[in-house]
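Here's the structure, in structure tokens; my notes come after.
Protein chains get the first letters and strands the later ones, always in sequence-line order, with residue 1 at the start of each.
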Protein chains: 2
Amino acid sequence: MDKQGLGAGQGLHARVLDSLGPAITAGEYPAGSVLRTDELEERFDVSRSVIREAIRVLESMNLVASRRRVGVTVLPADEWNVYDPRVIRWRLAGPDRPRQLRSLTVLRSAVEPAAAGLAALRATPEQCAELTEHALGMVATSRGQQLDAYLVHDIAFHRVILRASGNEMFARLGDVVAEVLTGRTHHHVMFTDPDPAAVTLHVRVAEAVRERDAARAEALTREIAAGAMAELDILAP
Amino acid sequence: MDKQGLGAGQGLHARVLDSLGPAITAGEYPAGSVLRTDELEERFDVSRSVIREAIRVLESMNLVASRRRVGVTVLPADEWNVYDPRVIRWRLAGPDRPRQLRSLTVLRSAVEPAAAGLAALRATPEQCAELTEHALGMVATSRGQQLDAYLVHDIAFHRVILRASGNEMFARLGDVVAEVLTGRTHHHVMFTDPDPAAVTLHVRVAEAVRERDAARAEALTREIAAGAMAELDILAP
DNA sequence: GTGACTAAAACGTCATACTTAATTGGGGTC
DNA sequence: GACCCCAATTAAGTATGACGTTTTAGTCAC
């Protein structure tokens with residue numbers, strides 16, 4: 001997977017970050033809470049430079065704001081850079097994971113159909129092949145408790161769609177989709193095999209893209225998205 | 001506007017950041033370029049701490065990666081955290097502004113209709129009022145070279161829609177939309193008054209939301225988005 | 001030619017001294 | 001008693017020197 005985000009990278013500042021970030025996004029420090037550098041310094045038993053660098057990163061995510069004479073104050077949640085991959089991951093690991101999963105799924109539902117439509121227009125032959133390959137992979141692993149293998153193909157499929165759209169903003173949501181799909185499989189603990197209807201839809205999307213049928217690719221992807229929302233009891237708008 | 005992003009905040013590290021960030025996103029340092037801290041230290045005439053903190057922030061945006069013995073290397077553009085507000089602003093200020101504007105407009109076109117649909121279901125009476133107020137403001141300022149006043153209402157209108165959707169991921173795109181709209185007005189230098197059709201559409205969206213007609217709000221917003229894409233010669237999918 | 005060992009280069013960490021800005025509170029004036 | 005101004009305090013910001021760690025590259029022996 002990706003390098004940043006998971007596990008305490010290397011370096012002390014990353015360790016501090018991976019302790020403070022989740023704590024803040026989990027709401028352990030309510031908005032307005034104050035962190036003092038020297039207190040953290042003692043708490044983590046590291047030097048000031050390390051704390052300062054961690055704080056700078058948190059500040060760049062808009063999780064905190066640092067002001068002289070007052071300290072580092074935690075910002076309200078609606079100011080956080082919620083598109084930052086690490087913030088997303090921290091929040092998905094924390095208590096408001098369900099809420100976060102819903103938000104992200106709604107975002108997916110808006111973006112992926114559009115991406116699929118564009119992909120139908122712009123996908124390269126290689127990307128079409130990848131798409132077909134992963135759709136077939138999903139079919140092959142859709143029965144008999146092969147959830148992990150299925151997940152791999154599912155993630156890859158959506159990643160290719162987003163990348164093939166040719167839009168960099170869409171492409172960058174690949175990690176988000178991966179997190180959501182992983183979360184769904186592992187948390188919502190699906191002991192049951194995937195919905196066959198969803199599997200079929202993926203195959204048909206791959207077909208539509210291959211045939212350059214943008215409208216159909218978009219509509220089919222919208223159906224996939226509707227299914228994902230239904231799973232989370234989100235009313236279909 | 002927002003605190004972070006514009007102008008060299010306060011503090012030396014912010015000044016370094018506002019010099020390096022735009023340079024990197026502008027492609028002045030091709031992917032793989034190496035920056036050495038002591039070189040930067042001398043170049044900006046600041047201490048190591050300052051450089052290191054700036055580097056940490058660039059690293060958190062995935063613009064660079066720092067490795068021992070080799071230095072700070074610039075990452076390829078497709079790894080950047082393109083949703084970071086500062087990255088967005090830097091890129092909009094740089095040479096690939098047109099490309100960036102297109103990407104963001106396509107993103108808007110995917111997100112805003114969905115947001116409008118949700119807003120119709122969830123907007124509070126206050127938000128409905130704000131919406132109407134800004135739509136009327138747009139009407140009032142749509143003639144006679146009042147582009148700046150018009151822009152204010154336009155931005156506010158779209159911000160309310162995104163916020164009223166009740167989805168935090170959508171809400172956070174308010175700044176992006178603001179940048180795009182501002183960019184369109186100031187760069188694409190519109191000497192002409194806004195398109196009357198677009199103005200009318202905004203009024204009708206406000207109506208639809210007030211009347212809780214999600215489908216209509218979504219469809220009308222889709223029309224607005226199509227107009228924005230047409231302005232940039234993006235083929236409507 | 002292959003292997004291991006060594007040396008150097010760059011970032012990473014620590015400790016400390018000093019600077020700057022903002023808040024607080026006291027004292028003075030009206 | 002209310003208000004304003006100034007100074008003291010506090011915590012972040014900056015600078016600097018020393019040392020640790022990792023990675024690359026080069027050399028030397030076999």
Side-chain angles (χ1 to χ4, degrees), chain A residues 3-21 23-24 29-75 79 86, chain B residues 3-21 23-24 29-75 79 86:
Chain A
K3 270 158 285 181
Q4 85 177 2
L6 185 74
Q10 49 254 32
L12 292 184
H13 85 99
R15 206 140 66 228
V16 172
L17 209 53
D18 279 318
S19 172
L20 282 181
I24 293 173
Y29 302 92
S33 306
V34 175
L35 307 171
R36 261 157 304 127
T37 307
D38 48 354
E39 174 198 319
L40 296 172
E41 195 176 330
E42 186 185 351
R43 191 168 122 208
F44 289 101
D45 192 40
V46 293
S47 71
R48 258 179 91 198
S49 352
V50 171
I51 295 295
R52 287 183 53 74
E53 286 170 29
I55 293 292
R56 273 289 114 70
V57 174
L58 291 175
E59 195 179 33
S60 96
M61 296 167 171
N62 234 25
L63 294 184
V64 304
S66 174
R67 280 163 46 204
R68 276 178 155 136
R69 162 71 193 205
V70 61
V72 176
T73 66
V74 177
L75 293 175
E79 298 200 31
R86 277 184 283 197
Chain B
K3 269 157 283 182
Q4 85 177 3
L6 183 75
Q10 49 255 29
L12 292 184
H13 85 99
R15 205 141 67 227
V16 173
L17 208 54
D18 279 317
S19 172
L20 281 181
I24 292 172
Y29 302 92
S33 305
V34 175
L35 308 170
R36 265 158 302 127
T37 49
D38 50 351
E39 175 198 318
L40 297 172
E41 196 177 329
E42 186 186 351
R43 191 167 123 208
F44 290 100
D45 192 42
V46 293
S47 69
R48 281 200 299 295
S49 349
V50 171
I51 295 294
R52 286 183 54 75
E53 286 171 28
I55 294 292
R56 275 286 115 70
V57 174
L58 292 174
E59 196 178 34
S60 96
M61 296 168 173
N62 235 23
L63 293 184
V64 304
S66 174
R67 278 164 44 202
R68 278 178 156 130
R69 161 71 192 195
V70 62
V72 175
T73 67
V74 176
L75 293 175
E79 299 200 32
R86 277 185 284 199

Once salt bridge (charged side-chain N to carboxylate O under 4.0 Å, His left out) is applied, what residue pairs with a partner in residues 38-47 of chain A remain, sequence neighbours excluded? A/Arg36-A/Glu39
With sequence neighbours excluded, what pairs up with B/Ser47 under the side-chain hydrogen bond (donor to acceptor under 3.5 Å, both in side chains) test? B/Ser49
With sequence neighbours left out, the residues meeting side-chain contact (heavy atoms from CB on, under 4.5 Å) with A/Ser19 are A/Phe44
Quick one, A/Val64 and A/Ile24 - any side-chain contact, counting heavy atoms below 4.5 Å? yes
Can you confirm whether B/Leu40 sits close enough to B/Leu20 that some side-chain heavy atom of one is under 4.5 Å from a side-chain heavy atom of the other? yes
Heavy atoms of chain A, cut-off under 4.0 Å: which first and last nucleotide of DNA chain C, 5' to 3', fall inside that, if you could look? C/dT13 to C/dT24
Using a 4.0 Å cut-off on protein heavy atoms (strictly under), produce a 5'-to-3' string for nucleotides 11-18 of chain D with B for base contact, S for backbone-only sugar-phosphate contact, and - for none. SBBBBBBB
Holding to side-chain contact (heavy atoms from CB on, under 4.5 Å), I want the full list of residues that pass it with B/Ala31, two or more places apart in sequence or in another chain. B/Pro76
Taken to the nearest 0.5 Å, the spacing of A/Asp18 CG from A/Arg86 CZ works out to 7.5 Å
